[in-house]
Amino acid sequence: MAELRCVVAVDGPSGSGKSTVSRRLARRLDARYLDTGAMYRALTWAVLQAGVDLTDPDGIAKVAVDCELIITTDPERPSISVNGENVDGPIRGGEVTAAVSAVSAVPFVRQVLTARQRAIIEESARIVVEGRDIGTVVAPDADLKVFLTASSAERARRRSAETAGDHAATEADLARRDHLDSTRKVNPLQQAADAVVLDSTELGIDEVVSELHRLLTTRKAA
């Protein structure tokens, strides 16, 4: 598989396992890995650091233009920085998590980051890209589009295990983000018409990765 040029788009709600699955699949394909959600989180962190009100789209847009956001695409060591400062840790904190949906809903933000994401994809021979609008907007011509999901209870269990948070509070927060992401006016979370839907509730990570690898191999061979 390593010799094939390909783009894999992995979309789905928070806690569905996108990051872990995408990174492992990228390693298996000897491909790059792009976490578009980290880009939105990093910009959100920059907005919060700048003290911009989350209801001020012009102020948010200015931060999007002014900040230097650099993301690596090595699945072994994914990392992101803003204006030269590594923000891998801060962007996963509660403050950013609570604000990222509001920042992501600003049309100009999506325009700027979508352009950056497409440029990264274009520069990569093989890449696995994860997010919420990859198959529908960022890479509509991807070789394989996947909509990865899981039950709300399982997604909350996974996320609370990662963050050592309260299960009920985590489930409520995921439901809030699901609603905001799926109802925003610009590029909402939705399944691409030609995406493969994979429910990972009862599946292990290796099982999911193996199934995606099989699907990609089958499509590339057709």
**Student:** Are any non-hydrogen side-chain atoms of V8 and V129 less than 4.5 angstrom apart?
**Tutor:** no
**Student:** Once rounded to the nearest 0.5 Å, what's the spacing between atom CZ of R176 and atom OG1 of T97?
**Tutor:** 8.5 Å
**Student:** Would you say V7 ends up clustered with V146 if hydrophobic residues are merged whenever their side chains have heavy atoms under 4.5 Å apart, either directly or through other cluster members?
**Tutor:** no
**Student:** Which residue pairs pass the salt bridge (Lys or Arg N to Asp or Glu O under 4.0 Å) test with at least one member in residues 98-116, sequence neighbours excluded?
**Tutor:** R110-D133
**Student:** Applying the 4.5 Å side-chain criterion to the ILVMFWY set and letting contacts propagate, would L54 and L43 be lumped into a single cluster?
**Tutor:** yes
**Student:** Looking only at heavy atoms, what is the nearest atom pair of L174 and S14, with distance?
**Tutor:** CD2-CB, 3.4 Å
**Student:** I need the S16 OG to E154 CD distance, nearest 0.5 Å.
**Tutor:** 11.0 Å
**Student:** Taking the side chain from T201 and the backbone from S151, do they hold a donor-acceptor pair closer than 3.5 Å?
**Tutor:** yes
**Student:** Looking only at heavy atoms, which two atoms of S152 and E171 are closest? And how far apart?
**Tutor:** OG-OE2, 3.3 Å
**Student:** For a 4.5 angstrom cut-off between non-hydrogen side-chain atoms, does L216 reach C6?
**Tutor:** yes
**Student:** Say whether V138 and V100 are linked into one hydrophobic cluster, either directly or through other cluster members, by side-chain heavy-atom distances under 4.5 angstrom.
**Tutor:** yes
**Student:** Hey, what do you get for OG1 (T36) to CG (D11), rounding to the nearest 0.5 Å?
**Tutor:** 7.5 Å
**Student:** Pairs of donor and acceptor atoms involving the side chains of residues 57-68, under 3.5 Å and at least two apart or interchain, shall be tabulated with distances.
**Tutor:**
residue, atom, partner, partner atom, Å
K62, NZ, D66, OD2, 2.6

**Student:** Less than 4.0 angstrom from a charged side-chain N to a carboxylate O is my criterion; do R32 and D74 meet it?
**Tutor:** no
**Student:** What distance separates N86 CG from I70 CD1, expressed to the nearest 0.5 Å?
**Tutor:** 11.5 Å
**Student:** Do L144 and V196 come within less than 4.5 Å of each other through their side chains, counting heavy atoms only?
**Tutor:** yes
**Student:** Kindly write out the residues that satisfy side chain to side chain donor-acceptor pair (under 3.5 Å) with R155, not counting sequence neighbours, or none if the list is empty.
**Tutor:** D178
**Student:** Cluster question for you: counting only ILVMFWY and a side-chain heavy-atom cut-off of under 4.5 Å, with indirect links fine, are L69 and I127 together?
**Tutor:** yes
**Student:** Test salt bridge (charged side-chain N to carboxylate O under 4.0 Å, His left out) on D30 and R126; report intermediate values, then the result.
**Tutor:** CA-CA 8 Å; D30 189 24; R126 296 174 304 282; 3.5 Å; yes
**Student:** Under the salt bridge (Lys or Arg N to Asp or Glu O under 4.0 Å) test, which residues partner D88, sequence neighbours left out?
**Tutor:** none
**Student:** Can we say D35 and R92 salt-bridge, meaning some charged N sits less than 4.0 Å from an Asp/Glu carboxylate O?
**Tutor:** yes
**Student:** Identify the two heavy atoms, one from P75 and one from A26, that lie closest to each other, and give their separation to 0.1 Å.
**Tutor:** CB-CB, 3.9 Å
**Student:** Rounded to the nearest 0.5 Å, what separation is found between the CZ atom of R41 and the CD1 atom of I80?
**Tutor:** 11.0 Å
**Student:** Do V128 and Y40 land in one hydrophobic cluster if side-chain heavy atoms of ILVMFWY residues count as linked below 4.5 Å?
**Tutor:** no
**Student:** Any idea which heavy atoms bring I71 and A38 closest together, and the distance?
**Tutor:** CD1-CB, 4.3 Å
**Student:** Which residues pass the salt bridge (Lys or Arg N to Asp or Glu O under 4.0 Å) test with D199, sequence neighbours left out?
**Tutor:** none
**Student:** A side-chain contact here means heavy atoms from C-beta on lying under 4.5 Å apart; do V21 and L148 qualify?
**Tutor:** yes
**Student:** State, yes or no, whether a side-chain contact exists between L198 and T149 at a heavy-atom distance under 4.5 Å.
**Tutor:** no
**Student:** Would you indicate whether the side-chain heavy atoms of E130 and Y33 approach each other to under 4.5 Å?
**Tutor:** yes
**Student:** Which atom pairs, one a donor and one an acceptor, fall under 3.5 Å between side chains of residues 202-209 and the rest of the protein, sequence neighbours left out?
**Tutor:**
residue, atom, partner, partner atom, Å
D206, OD1, R24, NH1, 2.9
E207, OE1, G204, N, 2.7

**Student:** Measuring only between side-chain heavy atoms, which start at C-beta, is S124 closer than 4.5 Å to R5?
**Tutor:** no
**Student:** Within this structure, what is the CG-CD distance for the pair L48 and E95, rounded to the nearest 0.5 Å?
**Tutor:** 4.5 Å
**Student:** So which heavy atom on A9 is nearest to which on G135, and how close?
**Tutor:** CB-N, 3.9 Å
**Student:** Under 4.5 Å between any side-chain heavy atoms of Q191 and V197, yes or no?
**Tutor:** yes
**Student:** After noting the C-alpha distance and the side-chain angles of K145 and D194, does the key distance pass the salt bridge (charged side-chain N to carboxylate O under 4.0 Å, His left out) rule?
**Tutor:** CA-CA 7 Å; K145 301 177 190 177; D194 54 347; 3.1 Å; yes
